[in-house]
Amino acid sequence: MTVINKILVANRGEIALRIIRTCRDMGIRTVAVYSEADMESPHLHAAEESVFIGLAPSPESYLDIGKLIAAAKETAADAIHPGYGFLSENAEFARKCIDEGLIFIGPPPESIDLMGDKTAARKLMARANVPFPPGTQNHLETIEEAGKAAEQIGFPVLVKAAAGGGGKGMRIIEDRENFTSGIKAARSEARNAFGDDRIYIEKYFNSPKHIEIQIISDAHGNVCHLFERECSIQRRHQKVIEEAPSTVLDQEMRSRMAESAIKAAEACNYIGAGTVEFLVDREMNYYFIEMNTRLQVEHPVTELITGYDLVELQIRVARGEELPFQQDDIKISGHAIECRIYAEDPEENFLPAVGRLARHRPPAGPWIRVDAGVEEGQEISIHYDPMISKLCVHAPDRAMAVSRMLRALAEYEIAGCRTTIPFCSYVMRHPDFADGNYNTAFVRDKYQPDKLYSEAGDEPDIVAIAAAFVSENDPEEKSVRDNSAKPSGTEPDNWWNNRR
């Protein structure tokens, strides 16, 4: 077994804290890295050491491979954990770590390459007999070539970045009239996001469900799945609410999808934690869309229903250990839901609403988990993803999980910026979500921003609520709105819901 005494966490915010905490549980020392924008970040205080790596723009700090490797060498770290985002799915980074004698806590670079190129991944899935949506298996060179492919597939089609993920470089094109502009927009966004403007086209499924399977594998040939996550509540093709298990899978379909996920992992000789993502249509056919070769943002819901620490498993696999369980040992226990709390305005198409957190008081109590990467008084930077925290709950069944999430959302106090808290509360109360009868078109078809607050119940006494929350020593918090105005950025973002 390879010894790992110290890990450099090549990330920031809540995921850096998440990794550092597991390392501490395992008796492993940690090194945090930080940019100019993160000098107040709590992950610096959680680690035993910290290294400054540059200016706020990510290419000058968190995406600078040379600076990260230098920081690891300077602090005598044995390994690097990339978290998610940034360089977590960058094969060049993984190779550089290995070349420098560092352990990369993630899959082999070859696996990242295979699954990072979406067209190559589709070809691999075809050979592994994993179903995927009708579409092209090669990237498309010209608009004319793309047009012919779209006509063959049939409109509407989905244009996707071959090197992409996270909704970047993705466009739904309904008809031939908007095709050229859609292709150009997708290529431009892909080039800006990934430095690669290759695109491919697949059939667009209107209103599917988005269900993903968590897998974990070791270097000894063992591959297991830890069941599924339902991730269909999305805005701009990016997830906001996730739950496990899914409301629509019976045991037979769960087993078939899990078997396909394991085939996908085996096809690319995968080692470590990864997620195989599928779309499920109205006829309950499922289709591979991509494999994320890293830890997922929504991994806590899997941990809550299985009892396994995925970061710990990643580290153990990186040390060369065998998985500590077999497939039959893994059971689903209860139900878990995650709400991503973003500094975004849900009444203005979820536009970023960054600012300084005048107040940040997360909920607490039984079966509540908050993975936060910021503290009260800290600035939410314009340079990075505007996530404040991930709020998770666990319960014996789904109905109780929804009830607990509503309680937790009501307790969550944030002032200084608008957040997705009211949207998450709206979803929890929506009858379609309560029934499990929702899909990726929820925001498009069901969400009514003008009812964001009214559907939470009768409005409370604004003056009384404001008076209770105002700090006499903080003039920023002394503004009180009238009954007709929406909450300002400096009022607690839970006021409409916080009553007993």
Side-chain angles (χ1 to χ4, degrees), residues 89 91 107-140 149-150 152-154 157-158 160-165 198-205 208-232 244-246 248-294 296 302 323 326-328 330 440:
E89 294 181 281
E110 297 77 17
S111 300
I112 299 174
D113 273 333
L114 276 171
M115 288 304 187
D117 186 317
K118 307 310 180 190
T119 54
R122 287 167 68 88
K123 291 177 183 177
L124 195 65
M125 293 306 98
R127 292 197 294 271
N129 293 317
V130 175
F132 57 90
T136 59
Q137 290 191 31
N138 297 304
H139 67 272
L140 300 164
Q152 281 188 330
I153 296 165
V157 296
L158 190 62
K160 300 176 78 171
R198 292 175 304 137
I199 52 100
Y200 68 99
I201 296 175
E202 66 183 28
K203 181 65 180 174
Y204 174 67
F205 294 101
K209 291 182 81 70
H210 186 146
I211 297 174
E212 60 191 27
I213 306 290
Q214 176 71 57
I215 63 99
I216 183 77
S217 54
D218 61 28
H220 305 275
N222 303 304
V223 186
C224 292
H225 71 84
L226 287 86
F227 304 105
E228 79 278 359
R229 296 183 288 258
E230 167 85 49
C231 307
S232 297
S246 169
V248 298
L249 298 192
D250 58 22
Q251 190 53 49
E252 188 272 335
M253 188 168 180
R254 176 175 289 118
S255 296
R256 285 195 292 118
M257 290 182 71
E259 183 181 353
S260 291
I262 287 174
K263 284 181 180 178
E266 291 174 338
C268 66
N269 299 312
Y270 200 84
I271 298 173
T275 297
V276 184
E277 304 206 0
F278 298 95
L279 293 181
V280 178
D281 67 18
R282 293 176 180 178
E283 288 72 44
M284 297 303 290
N285 302 304
Y286 66 90
Y287 304 92
F288 168 90
I289 50 173
E290 66 179 347
M291 182 174 186
N292 289 303
T293 54
R294 55 170 167 79
Q296 291 279 89
T302 295
L323 293 178
Q326 297 179 339
Q327 188 63 62
D328 289 345
I330 309 169
T440 55

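- For the pair K160 and E290, the salt-bridge criterion is not met [side-chain N within less than 4.0 Å of a carboxylate O].
- Side-chain contact between H210 and E212 is present, with heavy atoms from C-beta onward closer than 4.5 Å.
- Here S217 pairs with nothing under the side chain to side chain donor-acceptor pair (under 3.5 Å) rule; sequence neighbours left out.
- For the pair L124/L114, a side-chain contact is recorded, criterion being any heavy-atom separation below 4.5 Å from C-beta on.
- With contacts defined as side-chain heavy-atom distances shorter than 4.5 Å, the pair L158/I201 does not qualify.
- Remark: I289 CD1 to E202 CD distance equals 7.5 Å, nearest 0.5 Å.
- For S232, the side chain to side chain donor-acceptor pair (under 3.5 Å) partners at least two apart in sequence or on another chain are E230.
- Take N222 and apply the side chain to side chain donor-acceptor pair (under 3.5 Å) test, not counting sequence neighbours, and it matches D218, E322.
- Shown here are the ring-ring contact (aromatic ring centres under 6.0 Å, His included) partners of Y204, two or more places apart in sequence or in another chain: there are none.
- Here the two rings, on F132 and Y287, have centers that are 6.0 Å apart or farther.
- With sequence neighbours excluded, the residues satisfying side chain to side chain contact (heavy atoms under 4.5 Å, CB included) with D117 are T119, A120, A162, R198.
- Remark: E277 engages K239 in a salt bridge (charged side-chain N to carboxylate O under 4.0 Å, His left out) (not counting sequence neighbours).
- S260 places a side-chain heavy atom less than 4.5 Å from the side chain of Y286.
- Contact of the F278 side chain with the M257 side chain is registered, since non-hydrogen atoms from C-beta on lie closer than 4.5 Å.
- Q251 pairs by the side chain to side chain contact (heavy atoms under 4.5 Å, CB included) definition with R254, S255, not counting sequence neighbours.
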After noting the C-alpha distance and the side-chain angles of C224 and I330, does the key distance pass the side-chain contact (heavy atoms from CB on, under 4.5 Å) rule? CA-CA 9 Å; C224 292; I330 309 169; 4.0 Å; yes
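- Residues satisfying the ring-ring contact (aromatic ring centres under 6.0 Å, His included) criterion with Y200, sequence neighbours excluded, are absent altogether.
- Applying the salt bridge (charged side-chain N to carboxylate O under 4.0 Å, His left out) test to E252 and every residue at least two apart in sequence or in another chain returns R256.
- Residues Q296 and T302 fail the side-chain proximity criterion, which asks for heavy atoms closer than 4.5 Å.
- Scored by the side chain to side chain contact (heavy atoms under 4.5 Å, CB included) test, P208 finds F205, L279, T440 as partners (sequence neighbours excluded).
- Across all their heavy atoms, I153 and G135 have their closest contact at CD1-CA, 3.6 Å.
- With a 4.5 Å cut-off on side-chain heavy atoms, M291 and K118 do not count as touching.
- Residues E110 and D113 have side chains not in contact (no heavy-atom distance under 4.5 Å, counting atoms from C-beta outward).
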Under 3.5 Å, which donor-acceptor pairs do the side chains of residues 264-276 form with other protein atoms, sequence neighbours left out?
{"unit_1": "Y270", "atom_1": "OH", "unit_2": "A273", "atom_2": "O", "d": "2.7"}
{"unit_1": "T275", "atom_1": "OG1", "unit_2": "R229", "atom_2": "NH2", "d": "2.9"}

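- In this structure, the separation between CD on E259 and NZ on K263 is 5.0 Å, given to the nearest 0.5 Å.
- For the side chain to side chain donor-acceptor pair (under 3.5 Å) test, residues two or more places apart in sequence or in another chain that qualify with Q327 are H225.
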